[in-house]
Amino acid sequence: MVHVYNCHPFASQRIVPAAQEPGLVCCGGGALFVVSAGGCKIEAYHIQQEECPLICRFSTMGIVHRIVYSQIGDYLVTIEEKNGATYLRAYTNWRYQAAEKKRVGVRLLGHLMRGSVHHGIPKEQMEIVEMPLSETPLCIACCSITGALLVACAKSLVLFGLKRQSLSDQLNALDFERLLILYVSGLSPLQVALCGGYVALQTELEVLVVKLENLEKTCASDEVHTQLPRDDAAGITENDVKKEPQSPLESDDFFVFPKHLEMLGEKTKDCGVSLSLEWTGMETEASNSMEVTYILYRRFAPDFFQGCSVEETRLHSLQLHPMYTGNPDLSSDAEKSAPACMFCFFSLPNAGYMYSLINTVELISTYQYPEKARQAVLCDQFLHVITQNSLQCFSVRCSAVAARVEDPYIDTTMKACPPFTMEVSALRIQLFIGLKSLCHDGNRIVLLTAADVETKEEIERATRRSISRKTSVSKLKEPSETGHGWNLYVISTVSTLQLYREMVEYSKRYEQTSPASQNCIHLLSEAHLLLRASLLYPTTDRAKIQEAFQESCAQLADCFSRQDERDCHLALPYYKMSGLSVTEVLQRNMAICKGPVPNYGKGFLFFLKHSLYEETMEELNEETANTVLEIFSKAEPGQLPYVVSSSFMKNANPACARAHLEQLELGGAPSVTVTLCKAAQALRLGDLDYYQQQMDRHAEMLQVYGFIEEPKLLVHHRGKSVVPTQLAQHLRDTQDGLLVAAIVALHENSKVKLEEAELFFQELCKDGTEPQSIPQLLVDFWEALLVASSQESIIQELLFHLTSVYIERITCREHSAIKALKSAEDLINSCSHYGPLFPWLSILTPAQFNITHDHQEDLQKLQSLLCGPTLDVSSIVPLLEQLPDVDNAGLSVHMLCATRLGQHESAIEKLLDRCPQAIISYANHELHGKKMALWWQKLFPELCERTRLSSGDNSVLIAALKDTLVVVAMELNPLEFLDLLPDDGTAHFFLPHLLKCSQRHLLT
């Protein structure tokens, strides 16, 4: 279905002062080229000037059958006939004829005219480049990106690359080189298109699009930088034939048309058309890098039940159209060599088809024409179609596709764009007499008309049919006063802003007559896409178009905000793109929803809810905030707890908010979240009695669930910063355990990140602690989260944080007035990451150790972590540098780390030096299993040596030695035991132990 509107995309029309009847026309580069009918002369007119003055006039070497202009290189290429032979020629430097310089050079491609240089100074002249072919050329196409030339013959396609060679500082010569030949079997093209490596071929009923890989890189440079193909490209040989089975009815008397067929992407290679490459360029190094990729194949089956002939069903107007995205102010060759989007358009007389070729190959739009189309031209913003007596302007979806390629946030809650699947529109149908051909250059359209006096009655009937379609038409154009029956019209399209404003005014009529109609949204979407397309390219009115674009977003958002259908959610991204504040959006919608019973649209409520949840809106003043409360109390009262908790509603009247919440509670079951919201509003009012009454209604565990349901009761976000609420500050002073439990629950339910929780406690406690110290509530949070969390990465991070805090506090020994929520014993009993303290620690650091209770707790927590199974000791070794081992507190930590790292020998030495009374307890706990040998290899020799060298009271060492001898005697045989005994005359000391060892050995 095509929506029909009556807009005015055409601003003015002028008549080109051509003296002779045109046979062919084409335009580009600000010029219109007119080939005289049946003649050998080309006239160029300046269509960007008011009177379309003549630029130059020059003769061709034969009768021109095809003519194409290339913007890149500013050259014309023609297919000409002379003396029964067909030639391919390119006309370069044709603008020199404007200065009436009649000098013309004729040469073959690849042979620059050395004779044009006189005394070393090149002469300015137009050159005609002959390009010989082995087959007769049928049609031609130029690449709008590289300037390359594609020539189609009956069985092959020939690609010519464009070269530039500098003849002097001011003069360059254009030349061509035959790069490759693409042999085609199973299809004879009647029309071709070339753009950025994509090649499209069209027959009467078939279209094939392929891509020559690396071709863009090949043709883009000024010199020849080509890639060689493989002869077996795409695995297809010349002998391949169409895979469509032949009908048994097909004979000399019957011809059976194949059925309709569409193939996209990888499936296209099975279409039955074989392609093979022959490289003819000069370079041969990269011959294996070129290949043919099949993109699209479509075949149409004509319907002859309506009495149509083959000529009335054949395809026409094949085009490849690129579109760029990114910064439109960048126009370098590198930017232009890689379009973000590529579109293929072709048309039947009654319908046109546009496909997107990059990323996903898919049909974007289908155009149904009201009458038989003769020619169509695709632009960035419009599709122009001519029938016998009308110029039709249709909308296109190129910018909708480009928007999705350019911006990954399209179709999210952040940004939106009308879908490319949206039905197209006929914006205008302008009547002319006898339209023959159509071409365009920028914002100008050129029409060739030729009136046929024999078909005057037919024209009148067509006119009546057009008027009956209720489309606005202009007065029929009569032939000029000179009496000839043809005219060349140059029609300028209106500016984007002017057409946009007209479409907006047009949409208001639909809004007034039928507010719920989709026509209003459809027309505004068309206007929106028009602006999007304009923003993709450099323009002097960019600031105004950007302003209009935001206005368009606001208008679309207004429409969707009143919708109750499935598209109502689009109000949110369009309002975000409009740049309007929430206050401005409220004012726009309140003006619409005035009445005794306001009816707020789902889209508007959806926008409000998300704006409050995402915390991206501005802080509302009291009047606006109270308005928001009124809106939700009437439209969606269940959302009130989340609305009043938003940081942007802090200026709302707390008494009014509490009244709304009480009304909500009366209408339903008691809710913990509603109760907490009422308590928060009571705090704002200073009503502590009411606050305590609400807090006493539910147990702390249920209150934790309430905070999970609405985290904003405790935490507000301001960009990257975290702000505690008034309720959180009050809980810090009165129920710190509930506060810590609530934040832990928020983290475990993915409502608050670990970094945000840490910022929350630092901000909450910054007034009561030193700037450099870590708040006790944050440490309590880390300890509680370590108990609750099961994420390995979080656990390791918490262990490192807690170890750092414990070490810092033990080192600094600063007294803290705030008591921790959990003692070391609590953590050992409730958390598996805290292990029971090793027995030898009670000797090294007894409970009555000479440090304060707080730091005794910190020391025991640190020791417990080192005794536990989870802490990676190697990760905290650098932290030990700030903890000296001058006392037993530091020594115990160093001993634990050395033990966990397997450094038992150094630990034994250090313990014998500092606290020998703990050595046997240490050895009994640590030296077993594989480490049992350290009893006699390390501990026994050390004790013997230290006992012998001791000069004072060595009772501790002797007791330790005796305990060691008991273990050694149990583990070794008598001979091994004898080998350990010292030879200093003290054997009598060891004899009792040797006797026990011998007796044990005899018994076993």
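Quick caveat, the model's predicted, so the values are computed rather than measured.
We find the SG-CH2 distance between C915 and W840 to be 10.0 Å, quoted to the nearest 0.5 Å. Summarising the geometry, atom NZ belonging to K861 is positioned 12.0 Å from atom CD belonging to Q856; distances are rounded to the nearest 0.5 Å. The structure places CG of L580 at 11.0 Å from CG of L586, a figure rounded to the nearest 0.5 Å. The distance from the CG atom of N749 to the CD1 atom of I708 is 4.0 Å, given to the nearest 0.5 Å. Distance check: F838 CZ to T899 OG1 gives 7.5 Å after rounding to the nearest 0.5 Å. To the nearest 0.5 Å, the span separating OG on S906 from CE on M895 amounts to 8.0 Å.
When the shell of 6.0 Å around CD of E825 is examined, it contains 12 or fewer heavy atoms from other residues, nucleotides or ligands. Counted within 6.0 Å of NZ on K609, heavy atoms from surrounding residues, nucleotides or ligands total more than 12; the atom is thus considered enclosed. Crowding of E755 atom CD: a count of heavy atoms from other residues, nucleotides or ligands under 6.0 Å exceeding 12. Counting non-hydrogen atoms of other residues, nucleotides and ligands closer than 6.0 Å to CD of Q882 gives a total above 12. The 12-atom threshold is not exceeded at NZ of K602, counting heavy atoms of other residues, nucleotides or ligands nearer than 6.0 Å. For Q903, the CD atom sits in a packed shell: over 12 heavy atoms of surrounding residues, nucleotides or ligands are nearer than 6.0 Å. With a 6.0 Å radius and a threshold of 12 heavy atoms from other residues, nucleotides or ligands, Y705 has its OH atom at or below the threshold.
Taking the centre of each ring, Y691 and H730 come in below the 6.0 Å mark. Ring centroid separation for the pair H528 and F549 comes in under the 6.0 Å cut-off.
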Assess the residue pair L785 and L754 against the criterion (side chain to side chain contact (heavy atoms under 4.5 Å, CB included)); give the C-alpha distance rounded to whole Å, side-chain angles, the decisive distance to 0.1 Å, and a yes or no.
CA-CA 10 Å; L785 185 57; L754 179 59; 3.8 Å; yes

Determine, step by step, whether Y834 and Q860 satisfy the side chain to side chain donor-acceptor pair (under 3.5 Å) criterion, reporting the C-alpha distance in whole Å, the side-chain angles of both residues, the deciding distance to 0.1 Å, and the verdict.
CA-CA 10 Å; Y834 287 87; Q860 289 184 358; over 6 Å; no

Side chain to side chain contact (heavy atoms under 4.5 Å, CB included), that's the test. Do V722 and H717 meet it? Break it down for me.
CA-CA 5 Å; V722 177; H717 293 81; 4.2 Å; yes

Apply the test side chain to side chain contact (heavy atoms under 4.5 Å, CB included) to residues V779 and L821: give CA-CA distance (whole Å), side-chain angles for both, the deciding distance (0.1 Å), then the verdict.
CA-CA 9 Å; V779 179; L821 289 177; over 6 Å; no

For a side chain to side chain contact (heavy atoms under 4.5 Å, CB included) check, start with the C-alpha distance between V644 and M649, then their side-chain angles and the critical distance, and finish with the verdict.
CA-CA 6 Å; V644 300; M649 297 289 291; 5.9 Å; no

Residue pair Q729, R732: steps toward the side chain to side chain donor-acceptor pair (under 3.5 Å) verdict
CA-CA 5 Å; Q729 294 171 353; R732 174 198 61 190; 5.6 Å; no

Derivation and outcome, side chain to side chain donor-acceptor pair (under 3.5 Å), residues Q863 and T845
CA-CA 10 Å; Q863 290 173 339; T845 54; 3.2 Å; yes

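The shortest non-hydrogen separation linking V740 to A784 is CG1-CB, 3.9 Å. In terms of heavy-atom proximity, M577 sits nearest to K415 at SD-CA, 3.6 Å. The shortest non-hydrogen separation linking L629 to C656 is CD1-SG, 4.5 Å.
With a 4.5 Å cut-off on side-chain heavy atoms, T413 and P573 do not count as touching. Using a 4.5 Å cut-off on side-chain heavy atoms (C-beta onward), K822 and D780 make no contact. You'll find the side chain of I631 reaches within 4.5 Å of the side chain of M590, heavy atoms only. Taking the side chain as every heavy atom from C-beta outward, V585 and N589 approach each other to under 4.5 Å. At least one side-chain heavy atom of L688 sits less than 4.5 Å from a side-chain heavy atom of L683. Contact annotation: the side chain of T811 approaches that of I807 to within less than 4.5 Å [non-hydrogen atoms, C-beta and beyond]. For the pair E710 and P641, the minimum side-chain heavy-atom distance is 4.5 Å or more. Between F760 and V723 there is no side-chain heavy-atom pair separated by less than 4.5 Å.
The aromatic rings of H801 and W782 lie parallel to each other, with less than 30° between the two planes, well short of the 60° mark. In this pair, F606 and H569 present their aromatic rings perpendicular. The plane angle is above 60°, beyond the 30 to 60° band.
Looking at R658 and D687, a side-chain N of the basic residue comes within less than 4.0 Å of a carboxylate O on the acidic one, giving a salt bridge. With salt bridges taken as basic N to acidic carboxylate O contacts below 4.0 Å, one links E619 and R718. Under a 4.0 Å N-O distance rule, the pair E665/R697 qualifies as a salt bridge. Salt bridge status for E756 with K753: absent, with no side-chain N to carboxylate O gap under 4.0 Å.
In the model, Q555 has a side-chain atom that pairs as donor or acceptor with a side-chain atom of E551 under 3.5 Å. Side-chain contact of E709 with T673: a donor-acceptor pair under 3.5 Å is present, judged by distance alone. Side chain to side chain, D696 and Q692 meet the donor-acceptor criterion of an N or O pair below 3.5 Å. Residues D826 and S823 have side chains that bring a donor and an acceptor to within less than 3.5 angstrom of each other. Side-chain contact check for Q796 and E792: at least one donor-acceptor pair (N or O, by modelled atom type) lies under 3.5 Å. Counted by atom type alone, E630 and N626 present zero donor-acceptor pairs between their side chains at under 3.5 Å. When only modelled atom types and interatomic distance are considered, E700 and Q735 share a side-chain donor-acceptor pair under 3.5 Å. Side chains of H698 and T675: a donor on one and an acceptor on the other come within 3.5 Å. Of the N and O atoms on the side chains of T870 and H833, at least one donor lies less than 3.5 Å from an acceptor on the other residue.
With Q694 contributing its side chain and K678 its backbone, the two residues share no donor-acceptor pair below 3.5 Å. Although no hydrogens or angles enter the test, the distance criterion places a donor-acceptor pair under 3.5 Å between the side chain of R684 and the main chain of K650. Side chain of R914 to backbone of D885: a donor-acceptor contact under 3.5 angstrom is found. Of the possible polar contacts, one joining the E584 side chain to the S581 backbone as a donor-acceptor pair under 3.5 Å is found. Using a distance-only test at 3.5 Å, with no hydrogens or angles considered, a donor-acceptor pair links the side chain of T412 to the main chain of Y409. The backbone N or O of V582 lies less than 3.5 Å from a partner atom in the side chain of E618, making a donor-acceptor pair. No donor-acceptor pair closer than 3.5 Å links the side chain of T725 to the backbone N or O of V715. A donor-acceptor pair under 3.5 Å links the side-chain atoms of N651 to the main chain of L620, judged by distance alone.
Among N888, L866, I876, the single residue meeting the side-chain contact (heavy atoms from CB on, under 4.5 Å) criterion with V893 is L866.
Taking the ring axis of Y575 as reference, the NZ or CZ atom of R588 does not stay both within 45° of it and closer than 6.0 Å to the ring centre.
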